[in-house]
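Remarks on the structure that follows.
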Protein chains: 2
Amino acid sequence: MQLYYLHADYQMNTKTVTAANTKLINTRQQIVEYSADMLRANGFEGFSYLDISRHLGITKASVHHHFPKKVDLGLALCDWTQDWFEQGLSHFDARATSNWNKLERYVRAAMKHSLNEHKLCPISAFYSDLNKLPDSIKERVKALDDYELDWVTAVMQDGIDNDEFAPNQDPRALASLFIFSCKGALYYARLHGKDLFHQTMKQFEHLLKSS
Amino acid sequence: MQLYYLHADYQMNTKTVTAANTKLINTRQQIVEYSADMLRANGFEGFSYLDISRHLGITKASVHHHFPKKVDLGLALCDWTQDWFEQGLSHFDARATSNWNKLERYVRAAMKHSLNEHKLCPISAFYSDLNKLPDSIKERVKALDDYELDWVTAVMQDGIDNDEFAPNQDPRALASLFIFSCKGALYYARLHGKDLFHQTMKQFEHLLKSS
DNA sequence: ACCAGCCTACTTACCAGTAGGTAGGCTGAT
DNA sequence: ATCAGCCTACCTACTGGTAAGTAGGCTGGT
């Protein structure tokens, strides 16, 4: 995968060459990082170049230097999200003891993310402003959805094949049911607390295993 | 329930008294109606007083006359949503032939709303800008959530009691699972089309009935 | 060793347009 | 005479975006 925000690979050079230079810790990366936080808190329309500039102590124009249009920043955030998912999911794959445990780890990560850090899943965050998003970002969001759905579908399929989950079910429909429930519960948790989240996931486990 | 946007009940009078007066068809109501459309398309932060004024052919200041602050409009939209749910759900209650049929009608209405009219559920719409919403609106949204969840919970409870749904399940967790799945699927349908929606709901039906 | 030329990173100073909101005045129906 | 309903005109703050310029590092030719 070609990372959009690394198309200018000089970044690597400056970082290694001027190792002693501590004052510049890669402004570009910091912009993406802060934007990712803001995205997950308020959506893509929910933060501005002014917000970023104030947070980093630079000017608005300087942010525009790194990301000329906001759509450029949006695409960089899609790359960031792709990375975030790849890292997370491969981590689950490597450590989980069963297919259900993979889903458990996914849920636990989502819960920590939502309830402790008060953030949304970055994909859901994009959905907040979907109608106002440029097409190029919509396409990327769709691809991110598919990436996530494919992973969960594979887990469901393997779980069914190994008699871990109830048989005769559509693994893709099961996967979407899981993801929707999970993300819906995350939304609700922001207003209603985590009790409903736990209940819902317990219920899903019951339905998935004992059919 | 005292309706916020009817606290000025003169509205009724102008409508009946000046029946011949066709030019003024209740501006206040029109503002709420258009705002409700915009809310369900882009969220509460996704439309402005300027949008409303342009759509109705009046000035921005004139909109402010009816709703001095945007939070006033927001609360009126909460009332509108409450009405919308009360009407819809009591309609389902009156006509449904079974508990599952109630859920079917709910899903069908949601689908029509989402796929034909390209709108979100108004509650979900508020969630898009949750962090930027004033507390007074957050409270109302929470109450709206509870109202909806209570209805679905009652349907689940009755379905379990009448052996329509699988026994030994937590009706409230079942209800939240249903609502989350439904709303999640609605979100996804905006980018991915309705196939996944149908699959997911079919899967839910299977899990609900044959456990 | 020098320096021109180019690069990144950042600045100040703008732009038009929009956000929510306000003050005060006109009009027409009761 | 009152007052809802609407207007013009205005405000401050902010939106994404641009133009022009500066400081300093890197590189290649002489």
Side-chain angles (χ1 to χ4, degrees), chain A residues 5-32 35 38 42-75 129 132-134 137, chain B residues 5-32 35 38 42-77 129 132-134 137:
Chain A
Y5 63 84
L6 288 183
H7 71 221
D9 47 354
Y10 55 83
Q11 302 282 347
M12 297 305 174
N13 300 335
T14 46
K15 209 172 178 182
T16 49
V17 169
T18 59
N21 189 353
T22 46
K23 76 169 177 177
L24 288 184
I25 326 162
N26 209 338
T27 304
R28 190 187 183 90
Q29 209 104 12
Q30 280 182 283
I31 292 172
V32 172
S35 299
M38 295 301 284
N42 302 318
F44 188 62
E45 303 266 322
F47 67 97
S48 70
Y49 274 38
L50 188 61
D51 292 330
I52 300 167
S53 69
R54 282 205 270 238
H55 180 77
L56 297 185
I58 57 178
T59 56
K60 203 162 64 86
S62 188
V63 184
H64 275 288
H65 166 73
H66 294 283
F67 302 98
K69 311 279 160 113
K70 208 183 177 186
V71 58
D72 299 318
L73 179 54
L75 291 169
D129 319 284
K132 300 204 162 183
L133 253 38
I137 293 185
Chain B
Y5 63 82
L6 287 182
H7 70 221
D9 46 354
Y10 55 84
Q11 302 282 342
M12 296 307 173
N13 302 334
T14 46
K15 211 173 179 182
T16 50
V17 169
T18 61
N21 188 352
T22 46
K23 79 169 178 180
L24 288 184
I25 327 163
N26 209 335
T27 304
R28 191 188 181 88
Q29 208 105 13
Q30 279 183 284
I31 292 172
V32 172
S35 298
M38 296 300 284
N42 301 317
F44 188 62
E45 303 265 321
F47 67 97
S48 69
Y49 274 39
L50 188 62
D51 293 329
I52 300 167
S53 70
R54 280 205 272 238
H55 179 78
L56 297 186
I58 57 178
T59 55
K60 206 160 61 87
S62 189
V63 184
H64 275 288
H65 167 72
H66 294 283
F67 301 99
K69 310 281 160 112
K70 208 183 179 186
V71 57
D72 299 319
L73 179 53
L75 291 170
L77 283 169
D129 318 285
K132 300 203 163 184
L133 253 37
I137 294 185

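Lettering follows sequence order; numbering is per chain, from 1. Keep in mind that the numbers below use all heavy atoms, side chains included, and drop hydrogens, waters and symmetry copies.
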For a quick test of reading the model: is some side-chain N or O of [X] closer than 4.0 Å to OP1 or OP2 of [N]?
X      : N       : result
S48(A) : dC14(D) : no
T27(A) : dC10(C) : yes
H66(B) : dC6(D)  : yes
S62(B) : dC7(D)  : yes
T59(B) : dC6(D)  : no

Euclidean distance, atom [atom1] of residue [X] to atom [atom2] of [N] [Å, nearest integer]:
X      : N       : atom1 : atom2 : result
F67(B) : dA4(D)  : CZ    : C1'   : 14 Å
E45(B) : dA19(C) : CD    : C1'   : 10 Å
L50(B) : dG20(C) : CG    : P     : 9 Å
I58(B) : dT27(C) : CD1   : C1'   : 16 Å
I52(B) : dT18(C) : CD1   : C1'   : 14 Å
Y49(B) : dC14(D) : OH    : P     : 19 Å
L56(B) : dC7(D)  : CG    : C1'   : 15 Å

inquiry  = Both R54(A) and G57(B) contact DNA chain D. Which one's nearest nucleotide lies toward the 5' end?
reply    =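 Result of the comparison: G57(B).
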inquiry  = Counting C-beta onward and ignoring hydrogens, is there a side-chain heavy-atom pair between L73(B) and F47(B) closer than 4.5 Å?
reply    =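 SC-SC contact between L73(B) and F47(B) confirmed.
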key: Closest heavy-atom pair and its distance - F44(B), G74(B)   =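 For F44(B) versus G74(B), the nearest heavy atoms are CE1-CA, 3.5 Å.
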query = Which heavy atom of S62(A) sits nearest a heavy atom of I58(A), and at what distance?
reply =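 Looking at all heavy atoms of both residues, the shortest contact is OG-CD1, 3.9 Å.
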query = How long is the span from the CG atom in D129(A) to the CG atom in N42(A), to the nearest 0.5 Å?
reply =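 It is 9.5 Å, given to the nearest 0.5 Å.
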task = Specify the residue among V63(A) and D51(B) whose closest nucleotide of DNA chain C lies further upstream toward the 5′ end.
result =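 Between the two, 5'-proximity favours V63(A).
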Side chain of [X] - closest among [options]:
X      : options                   : value
H64(A) : dA9(D), dT11(C), dG17(D)  : dG17(D)
H65(A) : dT8(C), dT12(C), dC7(D)   : dT8(C)
A61(B) : dA9(D), dG16(D), dC6(D)   : dA9(D)
K69(A) : dG21(C), dC10(C), dT18(D) : dT18(D)

message = Using only modelled atom types and a 3.5 angstrom limit, is any donor from either the side chain of K60(B) or the base of dG21(C) paired with an acceptor on the other?
response =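 Between dG21(C) and K60(B), which were checked side chain against base, a qualifying N/O pair under 3.5 Å is present.
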ask   = Between H65(A), H66(A), H64(A), which is the residue that forms a ring-ring contact (aromatic ring centres under 6.0 Å, His included) with Y49(A)?
value =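 Among the candidates, only H64(A) passes.
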